K.L.:
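Structure provided below as structure tokens; questions to follow.
Every heavy atom of this structure was used, including side-chain atoms; hydrogens, water molecules and symmetry mates were not. Order of the sequence lines fixes the chain letters, A, B, ..., with proteins taken first and strands second; residue numbering starts at 1 for each chain. A quick note: this is a predicted structure, and the numbers were derived from the prediction, not measured.
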Amino acid sequence: MALRVYNTLTGEKEVFVPLTPGKVGMYVCGVTVYDYCHIGHARAGVAFDIIFRYLKYAGYDVTYVRNYTDIDDKIINRANQEGTDYRTIADRYIQAFDEDMDRLGLARPTIEPKATDHIGGIISIIEALVAKGHAYASEGDVYYAVETFPDYLKLSGRNLEEMQAGARVEVGDKKQHPMDFALWKGSKPGEPWWQSPWGNGRPGWHIECSAMSMEFLGKTFDIHGGGKDLVFPHHENEIAQSEAANGCQFVRYWLHNGFVNINAEKMSKSLGNFFTIREVLKTYDPETLRFFILSAHYRSPIDFSDQNLDEAQSGLERMYSCLAALDEILIGEPPSSKISVIETLTQVGLELQEKADQFIPRFVDAMDDDFNAAQALGVLFETVRATNRFLAETREITSVALSLIAHVRHLFVEAGSVLGLFMTPPATWLEGIKSAKTGQIDITPDEIERLIAERAEARAAKNFKRGDEIRDLLLAKGILLLDSAQGTSWNVK
RNA sequence: GGCGCGUUAUCCAAGAGGCUAGGAGCCGGUCUGCAAAACCGUUAACGUCGGUUCGAAUCCGACACGCGCCUCCA
């Protein structure tokens, strides 16, 4: 099966055929750096991170460009509020963005350009558009004349008349047509500016992405991504600018991720229902957040709630616990290359072997189907169950069993490298979850240990009443006791 | 008003004409002094009404409900 991707331009899943065999050029709209990123940004980041990783896994040489919009009204407003300059604001939030995305385990794109480093390229495109009659200067601004581009709105499937009937477009007297959009904005006093043929000013929002993608990926490239909310006007305008300037197709496959919702409503600043990534990471582990995002298809809306995050954590713990159990065996007994011919697997072992054999084909099938990570996770869970069954019934680890265990462990590493999971040694991750939970309870580990010791004495003396009292006492504080042959350990509920 | 998307069991969530998705939970079991945890097993569904078909969650139509874009947005 070949890789198929859903293309917003055609509204269909299409077989992915890159422009140049073996190579992929991919551009994703990054963020406007004027504030901390919220969970919606995390989702877009993770969605395109696994697309980037999977394309590389599939053997493509991928050039992935993700920009920073570091000049914009919002950045200037924020700078004015704080009595500083736009550069200070932009640099601060670029750094914050990098920190957040690094914590989420995003692979760094090949190139991360800033709009302000590409003013020259932006001006060249605007000049070309003016020369070809697609743009006009007006009182220090330059606008794109949408009526000169017959394909305008082909991505979002609308038409100009209907858009105007919507009546929320403002009619500025600087514009020839109400839908015309700014390519260049003349600077007002106190605003940052660059020199241009039309006077001092700064670029409009849409033109920077055309300039940066063209600079690094050429006039036509394979994949352009972003959130669904960018389809109109941002991506529509990018197409108009780029195709009018270059006279050729801009992007072959348009990919858009779905929103993060709160109570079935879009998370957004204007509704005030957003959570920043750093807020959420105070409570939840970054890999848990990533796992939550991967648990739904990237185009579907996903509902952010404590319950859903808790479920994601349970699921990830199940996987990590299984891996920790495998590691314990593998660390104790390194796999030997000699397998005795008389050794055979039990029925459960054979079932695990079958799961292992199907693992990569099924994983690839899922990911080939428009990067269906949720389905891929299903494959991992099925393998976890088969592994647990095998470990539960296996008394003696033969060398053939050991080699199977090593193989299964490797499969999880391989899938994890595409999904961005299992980046932490399992024992360390599980310990981290435990200590994070410990920070939220009002009893010290020392106290817990003292009570466990007292309970052990009571139990040794067959005083189960006192033992159970202690257990209930700790349970009331959210501490679960785990009795085993090796003694009693504890965990936070 | 225009355009588009969605509705799958208690909850989350894949699937897209015949093939057990998966996870959480419930229930049962293993283990245990009893529990818990862990593990194993099990359970159940395709919004409504029509149509196409030997066969429909899946295709077509209507309806209902929810959501998104049309303004800065990931």
Side-chain angles (χ1 to χ4, degrees), chain A residues 8 11 13 28-32 34 37-48 72-74 153 156-159 161-170 179 205 225-234 236 256-261 264-270 274 291-292 295-297 299-303 305 307-319 321-322 325 348 362 366 369 372-385 387-389 391-393 459 462-465 467-468 471-472 474-475 479-485 488-491 493:
Chain A
T8 306
K13 274 187 206 169
V28 173
C29 293
V31 286
T32 300
Y34 74 103
C37 288
H38 57 66
I39 301 303
H41 300 109
R43 189 188 192 185
V46 169
F48 288 100
D72 172 89
D73 287 346
K74 286 185 167 136
L153 305 180
S156 51
R158 307 160 200 258
N159 67 60
E161 290 71 34
E162 281 164 3
M163 297 286 292
Q164 288 174 80
R168 282 209 278 178
V169 279
E170 49 179 280
M179 292 295 290
W205 174 37
K228 271 191 163 77
D229 44 4
L230 297 183
V231 173
F232 182 89
H234 187 52
E236 203 70 74
H256 293 99
N257 66 275
F259 300 133
V260 176
N261 290 343
E265 278 189 323
K266 180 183 172 182
M267 179 185 289
S268 74
K269 291 217 159 185
S270 48
F274 67 94
F291 191 90
F292 162 69
S295 68
H297 190 272
R299 282 190 285 118
S300 308
I302 191 168
D303 216 62
S305 68
Q307 188 196 324
N308 289 347
L309 266 285
D310 288 341
E311 278 192 16
Q313 181 161 304
S314 302
L316 189 55
E317 265 187 274
R318 181 171 160 83
M319 289 194 181
S321 300
C322 176
V348 177
R362 292 178 71 203
D369 186 12
N372 195 334
Q375 191 173 54
L377 288 183
V379 176
L380 301 215
F381 273 119
E382 283 185 43
T383 310
V384 164
R385 192 175 60 215
T387 303
N388 285 337
R389 278 182 61 161
L391 295 181
E393 74 128 41
R459 293 177 73 214
K462 297 262 190 277
N463 182 358
F464 294 121
K465 184 163 173 284
D468 291 352
R471 187 169 69 201
D472 292 344
L474 285 169
L475 186 62
I479 306 297
L480 291 174
L481 293 185
L482 312 170
D483 291 334
S484 76
T488 302
S489 61
W490 57 276
N491 213 335
K493 197 174 170 184

K.L.:
Contact class for A/Asn308 vs. all strands (heavy atom < 4.0 Å): base, sugar-phosphate, or nothing?
P.N.:
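Sugar-phosphate, backbone atoms only, no base.
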
K.L.:
May I ask you to say what A/Leu480 touches in the nucleic acid, namely base, sugar-phosphate or nothing, with a heavy-atom cut-off under 4.0 Å?
P.N.:
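Sugar-phosphate: the residue A/Leu480, judged by heavy atoms under 4.0 Å, touches backbone atoms but no base.
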
K.L.:
Using a heavy-atom cut-off of under 4.0 Å over every strand shown, decide if A/Phe464 touches base, sugar-phosphate, or nothing.
P.N.:
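A/Phe464: base contact, heavy atoms under 4.0 Å.
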
K.L.:
Distance check, P atoms only: B/C39 and B/A64, in whole angstrom units.
P.N.:
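Pairwise P distance, B/C39 against B/A64, rounds to 47 Å.
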
K.L.:
I'd like to know if A/Arg471 reaches the base of B/A35 with its side chain such that a donor and an acceptor end up less than 3.5 angstrom apart.
P.N.:
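Under the 3.5 Å cut-off, the side chain and the base do form a donor-acceptor pair.
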
K.L.:
With a non-hydrogen cut-off below 4.0 angstrom, is A/Gly40 in contact with a base, only sugar-phosphate, or nothing?
P.N.:
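If one applies the 4.0 Å heavy-atom cut-off, A/Gly40 turns out to touch a base.
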
K.L.:
Which one is paired to B/G4, where only Watson-Crick or G-U wobble pairs with both distances under 3.5 angstrom count?
P.N.:
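Per the H-bond distance test, B/C67.
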
K.L.:
Write down the distance between CZ (A/Arg299) and P (B/G68), rounded to a whole number of angstrom.
P.N.:
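Atom CZ in A/Arg299 sits about 19 Å away from atom P in B/G68.
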
K.L.:
Any base atoms under 4.0 Å from A/His297, or only sugar-phosphate, or nothing? Heavy atoms, all strands.
P.N.:
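The residue A/His297 makes sugar-phosphate contact but no base contact.
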
K.L.:
How would you list all residue pairs meeting side chain to side chain donor-acceptor pair (under 3.5 Å) that involve residues 372-384 of chain A, not counting sequence neighbours?
P.N.:
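Non-adjacent pairs meeting side chain to side chain donor-acceptor pair (under 3.5 Å): A/Lys355-A/Glu382, A/Arg362-A/Glu382.
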
K.L.:
Dump every N/O contact between nucleotides 2-5 of chain B and the protein below 3.5 Å, one line per pair.
P.N.:
| residue | atom | partner | partner atom | Å |
| --- | --- | --- | --- | --- |
| B/G2 | O2' | A/Glu162 | OE1 | 2.5 |
| B/G2 | O2' | A/Glu162 | OE2 | 3.3 |
| B/G2 | N2 | A/Arg158 | NH1 | 3.1 |

K.L.:
Across nucleotides 16-32 of chain B, 5' to 3', mark each nucleotide with B, S or - according to how protein heavy atoms within less than 4.0 Å reach it.
P.N.:
-----BSBS--------

K.L.:
If you only use heavy atoms from C-beta on, which nucleotide in B/A74, B/A14, B/A37 is closest to the side chain of A/Val260?
P.N.:
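Closest nucleotide to the A/Val260 side chain: B/A74.
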
K.L.:
For A/Glu393, which contact category applies under a 4.0 Å heavy-atom criterion: base, sugar-phosphate, or nothing?
P.N.:
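If one applies the 4.0 Å heavy-atom cut-off, A/Glu393 turns out to touch nothing in the nucleic acid.
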
K.L.:
Roughly, in whole Å, what's the span from CG in A/Asp468 to C1' in B/A35?
P.N.:
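It works out to 7 Å between those atoms.
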
K.L.:
Using the purine O4'-C1'-N9-C4 or pyrimidine O4'-C1'-N1-C2 torsion, is B/A57 syn (within 90° of 0) or anti?
P.N.:
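That one's syn.
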
